[in-house]
Amino acid sequence: MNLLEVRGLEVAFENEEGDDLVVVDRVDLSLKAGKTLGLVGESGCGKSVSALSLLRLLPKPTGKILNGSILWKGNDLLTVSSDDIRSIRGNEIGMIFQEPMNALNPAHTIGRQVDEVYITHQGLDSGQARVHTLKMLEKVGIPEPGIRANEYPHQLSGGMRQRIVIAIALACEPDLIIADEPTTALDVTIQAQVLQLMSELQEQSGASLLLITHDLGVVAQTCDEVAVMYAGRIVERAPMRRLFEFPQHAYTRGLLASIPSLTGPIQTELPVIPGIVPALADLNSGCRFAPRSSYAHEQEWLDVRAPLVEVEDNHWVEDCPACRRLNSDALS
Amino acid sequence: MDKLLKISQLKVHFPVKGGIWMRPVATCKAVDGVSLEISKGETLGLVGESGCGKSTLARTVVGLNEPTTGEILLDGQKLGDYSGNFGKGNRKRVQMVFQDPAESLNSRHTVGQILEEPLVVHKKGDQGERASRVKELLNLVGLPLGSVTRYPFEFSGGQRQRIGIARALALNPEVLVLDEPVSALDLSIRSQVINLLLKLKNRLGLTCLFISHDLSVVRHLSDRIAVMYLGKVVEIASAEELINNPLHAYTRSLIGAIPQANPNVHGKFSVLSGEVPSPINPPPGCPFGYRVGSRFYTESIGQSLDLKEFSPGHFVQDCPCCVI
């Protein structure tokens, strides 16, 4: 059984005129226990909003979930009471945010911020909480946790701050960790440290990880499965290796081809995806990649959304004939 | 080949102020003895982690910071004395593209005003000539001519960076300094801008100092690459040589730390322990050996750690703990 099963999730934001702009359009996701799912896409594609919706953390009153269900261990998170979702947050699902300086409170010591998790979610008193905090800080590789616990976020480096955010997310040993661009603000060598730490901790606790990122390199090195999002929809979902070896959707192929690597030819023109990501206000109901695709789309594919089809075991792609056209030979 | 830009023994130090009276209490050695040469038409890539001094170096080359010691020569003429008319004359030969196009363009000016401003400041042409130059620039970077009357917020991130590039090219500079020009851009837009930069470089014969923390992007655009660590250049070589045959331990870890978008390359990336030491209070010996706790670290104390030519064109710091 899947630990997390998202079906038909539809999220909208209200604009100033009172209209709903749909930013996440009927998204399906599933995640098995102990596995890592990468959610990839460019800024504005709806990946962070999807993650926030899972914990019902959308900004109010503008953000709302219109449709869908989020089954967590069989219960729909969208219908449970606010008390219940509060106890699930932190305890069962932990969240790691992108920018550690914004996720931490600058006016409280880091020790107090980690203590808070134990006090709120596990009902410990402050003395017991501190014992756990020091253990947790040690686990995430903070040197001299006893001294560091009394310091403030600004006294730590970016990498250390992100370790604190990880400590907070993992304090109650959640079954699922949602990490929203956890290493984007970090240098490559620090990114490697943080990714390694996360995978070690994940291995120890057997937790699942939903990793949101725009970096396909990070995906290739950490994930078991990948879902590619474009303009609010998942256009392709596959086991990680298959996505890189056998990309089906024109967008996925374009992205993979456009990344400069350490081994490819240099100073040559990179293959590009022409055009820009469409604005939320002028999204069509059919294939949203059509304006950037090199293949002509027939009118019906611009009007009707193609369903995801399974092209091989567990490998799904949006069935727009034009966007999949490049692959018809490759599949046989 | 002609050396167009020559940076010799450049040091840029900033005072760190503290105490009640905000007196200087320490020195931050952001750039600490860097020598680089760039030939005409060449692109030199500069990589390093945040805080290694690469942006300070860039800002000093275009005259936004003053060198503490050392000099920057353009065609044998000293840059850096930017006062008076002489300064202005030289300044227009070296222009800069900034990292974040949203922050480096004046949001209250139209694109036309933004592109015209360098021409106005340097008293180039009359109104008509300037207007046609602006059109030429828009063409060059692939923006519609109608952009002239529009404001930066009306453009996407990639288009804004094109405006930033066009502005830097307005005065026909010989040297273009690019400080992380694609880091703030989205994946599918990044390759478009990289292609534009390649095209401009070839068409205009630009000499570029290209700064980025992303080694894959730097490799793609550069002829040679210099790796900086804590204010010093630790290794320089041609792009291919540096990636295929890195000699300095830091270069090796930097390459190893990049997650490759290919599950078959690298089983797992190599993980480097420790963090970049503070440039305010650097360790006495080799700062990288200190970071990773090299057992030969003590041998580096008191060494000059100058660059040595290891093979033709491949220079590496002569450090007992990092180059073994």
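Chain letters run A, B, ... following the sequence lines, proteins first and then strands; every chain starts at 1.
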Student check: side-chain heavy atoms of B:L221 and A:I266 closer than 4.5 Å: no
Residue A:E138 excluded, over 12 heavy atoms near CD under 6.0 Å: no
Atom of A:L262, atom of B:I255 and distance for their closest heavy-atom approach: CD1-CG2, 3.9 Å
Least distance between heavy atoms, A:A220 atom then B:N262 atom: CB-N, 3.7 Å
Nearest atoms (heavy-atom pairs only) where B:S188 meets A:E42: OG-OE1, 2.6 Å
Spacing of CG belonging to B:L187 relative to CD1 belonging to A:I273, to within rounding of 0.5 Å: 7.5 Å
Interchain contact, B:T43 with chain A, by part (heavy-atom threshold 4.5 Å): neither
Contact leader toward chain B among A:G159, A:S258, A:P274, A:G141, where contacts are heavy-atom pairs under 4.5 Å: A:S258
Close side-chain approach of B:Q260 to A:S261, heavy-atom, < 4.5 Å: yes
Choice from B:S156, B:G158, B:S50 maximising heavy atom contacts with chain A below 4.5 Å: B:S50
Exceeds 12 heavy-atom contacts within 6.0 angstrom, atom NZ of B:K201: yes
Step-by-step side chain to side chain donor-acceptor pair (under 3.5 Å) determination, A:T189 to B:R291: CA-CA 12 Å; A:T189 60; B:R291 171 181 178 178; 3.1 Å; yes
Choice from A:V277, A:L255, A:T268 maximising heavy atom contacts with chain B below 4.5 Å: A:T268
A:I259 versus chain B, the contacting section by heavy-atom distance below 4.5 Å: side chain
CG/A:D282: more than 12 non-hydrogen atoms of other groups inside 6.0 Å: yes
Within 6.0 angstrom of B:Y297 OH, more than 12 heavy atoms from elsewhere: yes
Pair A:Q267-B:D223, side-chain donor/acceptor within less than 3.5 Å: yes
Under 4.5 Å from any heavy atom of chain B - which part of A:P143: neither
Within 6.0 angstrom of A:E269 CD, more than 12 heavy atoms from elsewhere: no
Heavy atoms from other residues, nucleotides or ligands near NZ of B:K17 exceed 12 (cutoff 6.0 Å): no
Contact check, side chains of B:P263 and A:M240, non-hydrogen atoms, under 4.5 Å: yes
4.5 Å side-chain heavy-atom contact, A:E245 and B:N264: yes
Gap between atom CD1 of B:I243 and atom OG1 of A:T263 - 0.5 Å precision: 10.0 Å
Chain B contact via A:V188 - side chain, backbone, both or neither, heavy atoms under 4.5 Å: both
Test item: B:H220 and A:P265 side chains (from C-beta on) under 4.5 Å apart, heavy atoms: no
